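What follows is one structure encoded as structure tokens, with my remarks underneath.
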Protein chains: 2
Amino acid sequence: MSGTSDLWEPPEIQVAVDIVILTMRASVFHVLLIERGEEPQAGTQALPGGFLNNKWEGIYDAALRELKEEADLDASGLHVEQLAAYGEPGRDPRGRVLSVAYMAIAPGLPEPSAGTDASDAAWVPVEDVLSGKVSLAFDHRQIVRDAVERARSKLERTSLALAFCGRTFTLTELQHVYEGVWGCSLDPRNFYRKVQNIPGFVEPAGSVRRMAAGRPARLFRAGGGTVLYPPMVRPVPTES
Amino acid sequence: MSGTSDLWEPPEIQVAVDIVILTMRASVFHVLLIERGEEPQAGTQALPGGFLNNKWEGIYDAALRELKEEADLDASGLHVEQLAAYGEPGRDPRGRVLSVAYMAIAPGLPEPSAGTDASDAAWVPVEDVLSGKVSLAFDHRQIVRDAVERARSKLERTSLALAFCGRTFTLTELQHVYEGVWGCSLDPRNFYRKVQNIPGFVEPAGSVRRMAAGRPARLFRAGGGTVLYPPMVRPVPTES
DNA sequence: TCAATAGTGTCTATGAGACAATATAAC
DNA sequence: GTTATATTGTCTCATAGACACTATTGA
């Protein structure tokens, strides 16, 4: 900081949060998008998010607030972690905005947010966003890409996949999480063996779940561990 | 954003960057720290960094500028990637400051920054920071922890380890990178085989490097690939 | 019965980890 | 020669991946 005057004051910048909410619906990997009601880019799809309410609101708190306001989701029971900051000048036409992106994982099937405050929210297949079939406002597509890559990576070494499931789940359900996020298909029988060989990952919950057809599936619950060893390895290297 | 007045303006916040510069010196994993010359916390060690110069400076650009100003390192040839944003209120006694942290990997042995602008910079063993033997200003210890965990993780599936090496390197040198970052020891003979079995990771550079004693080591260069498959797996699960 | 899904067992190729043995330098 | 480091080879065990087979439900 040499050469700066004693009177120099650091510049101040508007700070926002954006949230990538991921879930599994009918075995398909989805992200929650909002139709923007205001300019700029009114009418296009965007991630839920917004500016800090006031100068002293915590960024994590702001993320939880937006989660509630825009997606009608309660933070408890959701996995929420920070992704990165997106703050290059020019990313927002309104001016200099630095946005801190969060990734949230929602279990089960939170219905597409009924007639609530978040009625213009919709679950969109992640694939449609990555492929460009659905276009997003600002740099939100890149943010989704980063979130998906983060999720793909964490599925290997952490029990993050369980955040996509309810308190109890079947191994087939868990398999669909891995398949949906990784974008590949796995052998159910090998998956079975592999998952149960990782200490602390899942443990039997004692009961079963009846499906429309076929043998009922045993229910499992989280085994308490967060680090998977040995790790689950993706069969095909996914490009970053 | 319902219920907000049309006149409402988003709050503005001071934005800074902090850089975790990692390197390998004499087979020991080091981080670059600066002795703070100004209040608050003058005299304690801290990560190089500082506020944006002006409202329109890019955060990545600011990180590169601080890299040059405070550590006298040139960005070219350095691996620089963003880590995360640290912006909870209360983390900086000066007021509300949001800091975007970057991780930089430096190869070889950039001397501890001679009599330059960055004369109060010093390489400190990462272990001393993690263990608390050296205490850091603000939440910088947490930032270093996060950077180390990021590096440990990326060593598994990407060729990031090569960023710690020069243009050519021996496999023993590469092994020391893995050992230093992961904090474990590896069998040289198995490491040899494993590294060379990963397509696109390393390739022979044709020449050798003579050591003080023993058989000269073959030199290698980067193989061009960035994703490692099969991945290098850590022998012991390191807690986050 | 059949259709459908859950779960077990088995085989084989590959990689991990341990470690003996050899190669090539300085002295 | 000795010492030190690099590199190759070998052995054994565990895991991945392929896939036949059995189990348990609803219709």
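Note: hydrogens, waters and symmetry copies are ignored here, and every other heavy atom, side chains too, is used. Here the structure is a predicted model, which means the values were calculated and not measured. Throughout, a chain's letter reflects where its sequence line sits, starting with A, and its residues are numbered from 1.
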Under 4.0 Å, counting only non-hydrogen atoms across every strand here, what does A/Thr170 touch: a base, just sugar-phosphate, or nothing?
nothing
Nearest whole angstrom, please: distance from the P of D/dA16 to the CD of A/Gln196.
14 Å
Electrostatic pair A/Glu156:B/Arg234 at N-O distance under 4.0 angstrom
no
Rounded to the nearest 0.5 Å, what's the gap from CZ on A/Arg141 to CG on A/Leu130? Could you check?
7.5 Å
With a 4.0 Å cut-off on heavy atoms, is A/Arg218 in touch with a base, just the backbone sugar-phosphate, or nothing at all?
sugar-phosphate
For B/Arg193 and C/dT14, give me the distance from atom CZ to atom C1', rounded to whole Å.
11 Å
Classify the nucleic acid contact of B/Arg210 as base, sugar-phosphate or nothing, counting any heavy atom under 4.0 Å across all strands shown.
sugar-phosphate
With no hydrogens and no angle check, just 3.5 Å: does a side-chain donor-acceptor pair link B/Tyr86 and B/Asp146?
yes
d(CZ, B/Phe191; C1', C/dA18) in whole Å
17 Å
Using atom CG of A/Leu174 as one end and atom C1' of C/dT5 as the other, report the distance to the nearest whole Å.
17 Å
For C/dA16 and B/Lys194 - does any side-chain N or O of the residue sit under 4.0 Å from the phosphate oxygens OP1/OP2?
yes
Quick check on DNA chain C: between B/Asp187 and A/Leu171, whose nearest nucleotide comes earlier from the 5' end?
A/Leu171
Consider the side chain of A/Pro216, meaning its heavy atoms from C-beta on, and name the nucleotide among D/dT8, D/dA16, D/dT25 that approaches it most closely.
D/dT25
I'd like to check B/Tyr102 versus B/Glu81 (side-chain heavy atoms, cut-off strictly below 4.5 Å). Are they in contact?
no
Whole angstrom value for the distance that separates C1' of D/dG17 from CG of A/Asn197:
14 Å
Choosing from C/dC19, D/dG17, C/dA23, which nucleotide comes nearest the side chain of B/Arg215?
C/dA23
Take the protein atom CG of A/Leu228 and the nucleotide atom P of D/dA16, then report the distance between them rounded to whole Å.
12 Å
Round to a whole Å and report the spacing from OH of B/Tyr229 to C1' of D/dG17.
10 Å
Nearest heavy-atom pair of A/Leu33 and A/Gln45: which atoms, and what distance?
CD1-CB, 4.0 Å
To the nearest Å, how far apart are B/Met232 CE and C/dG17 C1'?
13 Å
Answer with yes or no whether B/Arg189 presents, from its side chain, a donor or acceptor under 3.5 Å of a partner atom in the base of C/dA16.
no
Reading DNA chain C from 5' onward, which residue's closest nucleotide shows up sooner: A/Asn190 or A/Met211?
A/Met211
